Structure formats: C-alpha cells, structure tokens
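Structure record follows, encoded as structure tokens.
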Amino acid sequence: MADFEAVIGLEIHVQLATKTKMFCSCELSFGAEPNIHTCPVCLGHPGTLPVSNEQAIRFGIETALALGCEIAPRSIFHRKNYFYPDLSKGYQISQYDIPLGSSGRLGEVRIHRAHLEEDAAKLSHLGESGRIDGSDASLVDFNRGGTPLIEIVTEPDIRDAAIAREWLQLLRSTLRQLGVSDCNMEEGSLRCDANISIRRRGEPELGVKTELKNMNSFRFIERGIEAEIARQIELVEAGGRVDQATMHFDPASGSLTVLRSKEFAHDYRYFPEPDLVPLAPSLELIAEIRAALPELPETRIERYIGELGIPGDAARVLGFDAAAAEFFEAALALGGASPSALSGWVTGELAAALREAGHAGVGDSALSSSGLAALAGLVEAKTINRRTGREILVRLVSQGGDPVAIVEAEGLGSVSDADALSEIVDRALAAQPKAADQVAAGNQKAVGPIVGFVMRETKGRADGPEVTRLIRAKLGLD
Ligand code: ADP
Ligand code: ZN
Ligand code: MG
C-alpha cells in the first residue's frame, strides 16, 4: 500500500446566482413548479437567438479573478453537441479552446481553467415506481436548462481525499463570499466530479484516471475518492490495471460502479456558436471588477495569522465565515481585548452560544460588538473569570446589554483579592485532607475537590488558574 500515491484533479460546476438564465430572460428559480420558467430560446426552438447575460459574464470574471486566473482578452462560445433528454437543443453552449479564465491558483491547488456555459435541464428518474409499459420513466424539468454555470477545472495537484474536501470547502466559501453563487450542494448549485489515478511514489508519469461523477455532499466526495483510490490500489496490487472509466459512487452501500467505459467516450463535435458575439471584456472592466473584489478567505486567513497572530484554527473558522469575521473585526477595533483572545471568544464560546440559542449567525443575536469587546476585556483583565464570562455571554446573546454594568450590578467580579482567596484555599485544604495529600504526592488530577470547594465558597467567581497556583504553593510544590 505504502508505495502508491493518489493524484486527484477536480471539475466543479457552479450555478451563478443571476436573476435570469445565461442566454434568455427566463427567471432562475430553484424548486419552482416544473417547466414554468421556459421560453423558445432555452427550450431550443429552431430560429431563436441567444443573448449573453451580462451579469453572468461579470460573475464569471469575478470568479476567475478571485481564483487568480488570467482573463482571456477574447474568447468565443462553442456548441457542444450531444443527444440526451436533458438537452432539447441537441447542443450545450459552452467555451472550448479559449476559456474565460486560465492559469490560476486557490490555496495549494492550481486552476487549469474556468469557463462559462449553460446548465442542462434536470432529469428525475422514477425507477420502479414510475414504470410505463414496463420501462423506467424519467421526468424532465426545463426550469434548470439554460442556468448560467461556471466550470472550474483544477490541475491534478491534490494527493488525498481529505484535502480534496478541505479545498472544496475553501472554494465554496470563496465563491459565497464573492456572492456569485449560494453553492448549495444538495440543491445542485455546486457539483463536483473527481478525476483519480494512482502511481508508485516517485514515478513522474501520471497513471490512467477514472472520473467519479456528481457527488452531492462533501462527506460523499471524501468517501467516494477514498473508495476509488482503494479500488485502484487493490486492482494494481493484484496484477490488474486501471481502465479509463466514468464511475458512480453509491454512498448508501459505499460501492463503485462503472457508468461508462472509454469505448463509449463522446465526440462532441464542438464548433463555434454563430449566434453569439465573442466575449471580449475591456481592460477597464477587468480592472474595475478586480478593484471591487472583497477580501477573500485565503487572504483573510493569512492576514489573521501573519498580522494579528491569531491561532490557525480560529483564523480558518473566521476566514470561512465572513459575518463572524466582520463582527470580530468590529469588536477588535474597539480595543480592550487582544486579537487572539477575541478570536477565541468568537469561534469558541460565542459560536457555541449561538448554536445553542438556534441562531444562524451573530447577526440574529442581541449581542453587540462592543458587548463582546467589553466582555473579553473583563476576562483578559481577570476582573471576571472565564466561566462567569461565558454565563454573561449567553445572556448577552439573548438579551444584549453592557457586561460592565451587569458585573457591577450583580457583584460578579472575580475573587482575586489575594488575602480573601488565600483564606478560602486554606479552608479548602483543611476540608479535603485526602485530596491535599494526593496532590502533594504528585497526583495533579486530585486537585478537583479542592478547587470545587473554593468555587462553591466563591459562587464560581474565583480565578481558576490563581486557585491552582495557591494550592500548589501552599503544598510546597512550586
Ligand atoms: P479529459 O481530457 O479526460 O477531460 P483533462 O486533461 O481535461 O482530461 O483533465 C480533466 C481533469 O482531470 C482535470 O481536473 C485534471 O487535473 C484531471 N486529471 C488529468 N489527468 C489526471 C490523472 N492522470 N490523474 C488524476 N487526475 C487527472
Ligand atoms: Zn428561456
Ligand atoms: Mg477535459
């Protein structure tokens, strides 16, 4: 096993969140009554003329720029010909030899190309339940036909399934923060095919690849790729070879089946679409779009780690969640708490409190950025302990308010007065002689009942680390 490595390249289709379709003015609508958003253009009636959607082109350029791509000064649309019930025109309008964007990079993965095209209609296979005259029946919904898509193709730079999933999550959050798509995998607005091969470690040539089609969750993508890598390695180790094929992964059974082998590969007979003008964005337009790009997850994460010194995990959580990041920055700007302390509150206690209260994000809660800044400051200054801070945070999330006023009004300030605390620790040691002996003998964990006594006496307001320090000092340990 150990001497094989996997090679993975991804092809991702993303539906762009425009109001209307790519080449006609039909409305985009997920979940509408089937076949109501159609017209002669997107149904492919002969003699109709497509017109490119300006917003889709703009989203396409934004996406390509966000992925670090070069923008082609001039590219044309092609007709990709094939026969299938999801395509009543008989061809899909797509880009072919020159894509809108090429040679980009996101994270550690190079982008081969990013091009615009239109989606096909949606087929629902009824299976046994919908048999007509003994054959399986399928339904076609042309509402989806003609939806603007950007297809993103990576170089084969990914080496394992978990990294493929993590990278896709970075891509999704990048596109969401750009606002070009909601990237909802269950609804099909982000769909991913994975190309997979294996080779012996150190081997420079790429192996024969298979393509795993249309997996509709991040978990299935990871599991599907893992299963296909295992299948290929097993095959080669048993003396077989990998044949080029398109595969389907069934998440329920974990099994892989061949959909199509190489002999049935399509020849799409691409030719230039004569009814559309070339895509030739001006340098001014590209510069304007580039200047208006928001700060994206990758850059934000790097800045948080590099400039603010925030731990990597918290930086990634904030990078992926623009609303939380903006809240964090607003609180940080008020001063009073350090970036890492604040990021810890936002990604830790606050995230938990929001989840518990059933809020989708901090925007739904009553907590203000100044409330969080003040609270984090109180804890950092040891005016209150972390546990009290957590309790106040839960209240701020549901009711809002000023933590400084709450602490004062309710006398929640931590007991850090050295004499008072010292006296309580003395009593705790006297009350828990067995535990005290065990701690003195080197058993750290035995400290629990002693700390518990102190917390009871102080109604939970003692500073935990300070209590532990006092106990150890009094037992002559430090
Ligand atoms: P095809 O001609 O079969 O469409 P492409 O060269 O266009 O193949 O690549 C399609 C996708 O497959 C890209 O994401 C690319 O990175 C990936 N890919 C190409 N060759 C391999 C390989 N040997 N192993 C894994 N992925 C590959
Ligand atoms: Zn239409
Ligand atoms: Mg290809």
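None of these values were measured; they are calculated from a predicted model. First listed ligand is number 1; within each ligand, the first listed atom is number 1.
- Cation-pi geometry between R386 and W345 is met: the NZ or CZ atom falls under 6.0 Å from the ring centre, inside 45° of the normal.
- Expressed to the nearest 0.5 Å, how far CG of L10 lies from CD1 of I8 amounts to 7.5 Å.
- Around atom 13 (C) of ligand 1, the closest heavy atom drawn from I152, T154, L10 belongs to T154.
- Geometrically, R165 does not engage F218 in a cation-pi contact defined by less than 6.0 Å to the ring centre and at most 45° from the axis.
- For ligand 1, the atoms sitting less than 4.0 Å from at least one non-hydrogen atom of L206 are 23 (N), numbered in the order shown with element in parentheses.
- The count of protein N, O or S atoms under 2.8 Å from the Zn ion (ligand 2) stands at 4, with waters excluded from the count.
- Atoms of ligand 1 lying under 4.0 Å from at least one heavy atom of V7, given by number and element, are 24 (N), 25 (C).
- Atoms of ligand 1 lying under 4.0 Å from at least one heavy atom of P156, given by number and element, are 16 (O), 26 (N), 27 (C).
- Under 4.0 angstrom from ligand 1, the non-hydrogen atoms of V153 all belong to its side chain.
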Item to check | Step-by-step side-chain contact (heavy atoms from CB on, under 4.5 Å) determination, R58 to I289 | outcome: CA-CA 8 Å; R58 201 182 168 90; I289 293 176; 3.8 Å; yes
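- In this structure, CZ in R191 is found 10.0 Å from NZ in K213, a value given to the nearest 0.5 Å.
- Distances between N or O atoms of I8 and those of ligand 1 include no value under 3.5 Å.
- The number of heavy atoms from other shown groups lying within 6.0 Å of OH (Y96) does not exceed 12.
- Here the side chain of E117 pairs no donor or acceptor atom with the backbone of E151 at under 3.5 angstrom.
- Rounded to the nearest 0.5 angstrom, L16 CG and Q55 CD are separated by 9.0 Å.
- Annotation: cation-pi geometry satisfied between K80 and Y268 (NZ/CZ under 6.0 angstrom from ring centroid, within 45° of ring axis).
- Under the 6.0 Å cut-off for aromatic ring centres, F271 and Y91 do not qualify, their centroids lying 6.0 Å or more apart.
- Ligand 1 has no nitrogen or oxygen under 3.5 angstrom from a nitrogen or oxygen of E11.
- The closest heavy-atom contact to atom 4 (O) of ligand 1, among the options K209, H112, E211, comes from K209.
- Within ligand 1, counting atoms from 1 as listed, the ones closer than 4.0 Å to a heavy atom of E155 are 16 (O).
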